[in-house]
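First up is the structure itself, then whatever we jot down about it.
Note that the numbering runs from 1 along the sequence shown for the chain.
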Amino acid sequence: MIIQLDGKTAIVTGSTAGIGHAIAHGLAEAGATVVVNGRTEQRVQQAIAQIKSKLPKAELKGVAADLGTEEGAKALIAAVSEADILINNLGIFEPKPFFDIPDEDWERFFRVNVLSGVRLARHYTRGMVQRKWGRVMFISSESGVQIPAEMVHYGMTKTAQLAVSRGLAETVAGTGVTVNAVLPGPTLSEGVEKFVEQVGQQSGKSFEQMEKDFFRSMRPSSLIKRFATNEEVANMVIYLSSEQASATTGAAVRVDGGVVRSIV
């Protein structure tokens with residue numbers, strides 16, 4: 001299968017590292033003009049340079065904006081008024097016991113993980129409908145289906161993304177625009193890698209030992225028994241962005257390594 005996205009403009013939020021960066025790279029490789037987003041200009045330019053080093057002909061644009069705020073969303077929309085592909089990848093996580101999570105954290109997680117995508121989808125999907133083609137995705141998580149006790153507030157936002165994704169897909173039914181959620185399992189993103197390394201340093205264990213312990217105690221249902229790579233998740237997103245995926249919409253597509261035991 002050859003995926004060609006020439007002539008398409010794609011926005012990938014939170015794309016200076018991790019899954020978002022891998023998605024931006026994959027979309028650029030497929031020929032799309034990709035908007036790279038992060039909170040600081042330095043991080044954005046570093047991410048663009050990394051992609052350019054491997055794809056010298058890539059068409060890239062950087063927009064530094066904190067999309068966890070209304071002002072940040074407006075700044076992105078002002079810089080890029082229309083898009084054919086919108087990947088709502090921006091997200092934060094933080095292990096914290098339920099009884100220790102204050103109201104401010106619940107609100108902050110909702111603003112960053114959910115409302116950022118709602119604001120952008122509300123704007124960009126209108127143009128997609130008018131042009132009768134578009135792709136909108138929310139990068140959710142297996143944690144939206146199997147809420148992790150160690151970070152309930154994170155799981156709540158990932159479930160909310162599933163609801164928004166399905167509801168928007170229903171809203172644009174029959175227009176040529178598809179809306180899907182992608183559910184990665186434990187993935188070796190920048191944040192996860194740093195967290196595992198920090199815990200490993202404290203306990204005196206190697207990364208390999210930490211990985212084995214994590215899947216034995218925290219995600220025993222995993223079938224691959226390892227962290228997925230950012231590229232493995234990105235590959236699914238690239239496919240769902242393509243013309244070939246035109247019959248897939250309103251779906252929660254899992255790239256979870258088999259962590260979720262349900263077969264539907």
(Q) Quick one, Met151 with Phe98, criterion side chain to side chain contact (heavy atoms under 4.5 Å, CB included). Give me CA distance, side-chain angles, the key distance, then yes/no. (A) CA-CA 7 Å; Met151 44 185 181; Phe98 176 82; over 6 Å; no
Q) Do side-chain atoms of Arg135 reach the backbone of Ser242 as a donor and acceptor pair under 3.5 angstrom? A) yes
Q | Considering all heavy atoms, the nearest Trp106-Ile101 contact | A | NE1-CG2, 3.3 Å
Q) Is Val196 reachable from Val233 through a run of I, L, V, M, F, W or Y residues, each pair having side-chain heavy atoms under 4.5 Å apart? A) no
**Q.** Test log, rule side chain to side chain contact (heavy atoms under 4.5 Å, CB included), inputs Val179 and Met137
**A.** CA-CA 6 Å; Val179 185; Met137 263 169 272; over 6 Å; no
(Q) Counting only heavy atoms not in Glu59 (residues, nucleotides, ligands), do more than 12 fall under 6.0 Å from its CD? (A) no
Q: Quick one: closest heavy-atom pair of Met210 and Ser203, and the distance?
A: SD-OG, 3.8 Å
Q. Between Asn37 and Val63, is there a donor-acceptor pair closer than 3.5 Å when you use the side chain of the first and the backbone of the second?
A. yes
Q: Report yes if the side chains of Pro184 and Ile19 come closer than 4.5 Å at any heavy-atom pair, otherwise no.
A: yes
(Q) Apply side chain to side chain contact (heavy atoms under 4.5 Å, CB included) to residues Leu55 and His25 and explain how you reach the verdict. (A) CA-CA 8 Å; Leu55 302 171; His25 183 281; 3.7 Å; yes
Q | Under 3.5 Å: donor-acceptor pair, side chain of Ser165, backbone of Ala181 | A | yes
Q.
Using modelled atom types and a 3.5 Å cut-off, is there a donor and acceptor pairing between side-chain atoms of Ser53 and backbone atoms of Gln50?
A. yes
Q.
Determine whether a donor-acceptor pair (N or O, by modelled atom type, separation under 3.5 Å) exists between the side chain of Gln244 and the backbone of Ile2.
A. yes
**Q.** NZ/NE/NH1/NH2 to OD/OE distance under 4.0 Å, Glu170 and Arg166
**A.** yes
Q | Closest heavy-atom pair and its distance - Gly144, Leu162 | A | O-CD1, 4.2 Å
Q. Heavy-atom count around Lys225 NZ within 6.0 Å, excluding the residue itself: above 12?
A. yes
Q.
Counting only heavy atoms from other residues, nucleotides and ligands, does the tally under 6.0 Å from CD of Gln42 exceed 12?
A. no
Q. Quick check: does any side chain N or O of Thr157 sit under 3.5 Å from a backbone N or O of Tyr154, one acting as donor and the other as acceptor?
A. yes
**Q.** Nearest atoms (heavy-atom pairs only) where Asn113 meets Lys158
**A.** ND2-CE, 4.2 Å
Q: Tell me whether Phe138 is reachable from Val34 by hopping between hydrophobic residues (I, L, V, M, F, W, Y) whose side-chain heavy atoms are closer than 4.5 Å.
A: no
Q) Short question: side chain of Ser15, backbone of Val12 - any donor-acceptor pair under 3.5 Å? A) yes
Q | Carboxylate-amine/guanidinium contact Lys74 Glu70, below 4.0 Å | A | yes
Q: Report the C-alpha separation of Glu211 and Ser206 in whole Å, then their side-chain angles, then the decisive distance to 0.1 Å, and conclude whether the side chain to side chain contact (heavy atoms under 4.5 Å, CB included) test is met.
A: CA-CA 9 Å; Glu211 186 175 40; Ser206 68; over 6 Å; no
Q) Do the side chains of Ile139 and Ile92 join up, straight or via other hydrophobic residues, at under 4.5 Å, putting them in one cluster? A) no
Q: Indicate yes or no for a side-chain donor-acceptor contact from Lys194 to the backbone of Ser189 under 3.5 Å, with no hydrogens or angles considered.
A: no
(Q) Under a 4.0 Å threshold between the charged nitrogen and the carboxylate oxygen, would Arg219 count as salt-bridged to Glu150? (A) yes
Q: Spell out, yes or no, whether Ile238 and Val255 are grouped together once hydrophobic residues are joined by side-chain heavy atoms under 4.5 Å, including indirect joins.
A: yes
Q: Give a yes or no on whether a salt bridge exists between Glu232 and Arg226, defined as a side-chain N under 4.0 angstrom from a carboxylate O.
A: yes
Q: Would you indicate whether Arg108, at its atom CZ, is surrounded by more than 12 heavy atoms from other residues, nucleotides or ligands within a distance under 6.0 Å?
A: yes
**Q.** Co-membership, hydrophobic cluster, residues Val114 and Tyr124, 4.5 Å side-chain
**A.** yes
Q | Pairs flagged by side chain to side chain donor-acceptor pair (under 3.5 Å) wherever residues 79-100 is involved - sequence neighbours left out | A | Glu82-Arg131, Lys96-Asp105
Q | Main-chain N/O of Val259 paired to Ser221 side chain as donor or acceptor, under 3.5 Å | A | yes
Q.
So, applying side-chain contact (heavy atoms from CB on, under 4.5 Å) with Thr125, which one of Thr171, Val177, Leu120, Thr175 is it?
A. Val177
Q: Measure from the side-chain N and O atoms of Lys52 to the backbone N and O of Ala58, and report whether any donor-acceptor pair falls under 3.5 Å.
A: yes
**Q.** Ring-ring centroid check Phe93 Phe109, cutoff 6.0 Å
**A.** no
Q | Side chain to side chain, Ile48 and Val44, heavy atoms closer than 4.5 Å | A | yes
Q: Might you point out which heavy atoms bring Ala245 and Tyr239 nearest each other, and give the distance in Å?
A: CB-O, 3.2 Å
Q: State, to 0.1 Å, how close Leu183 and Glu142 come at their nearest heavy-atom pair, and which atoms those are.
A: CB-N, 4.0 Å
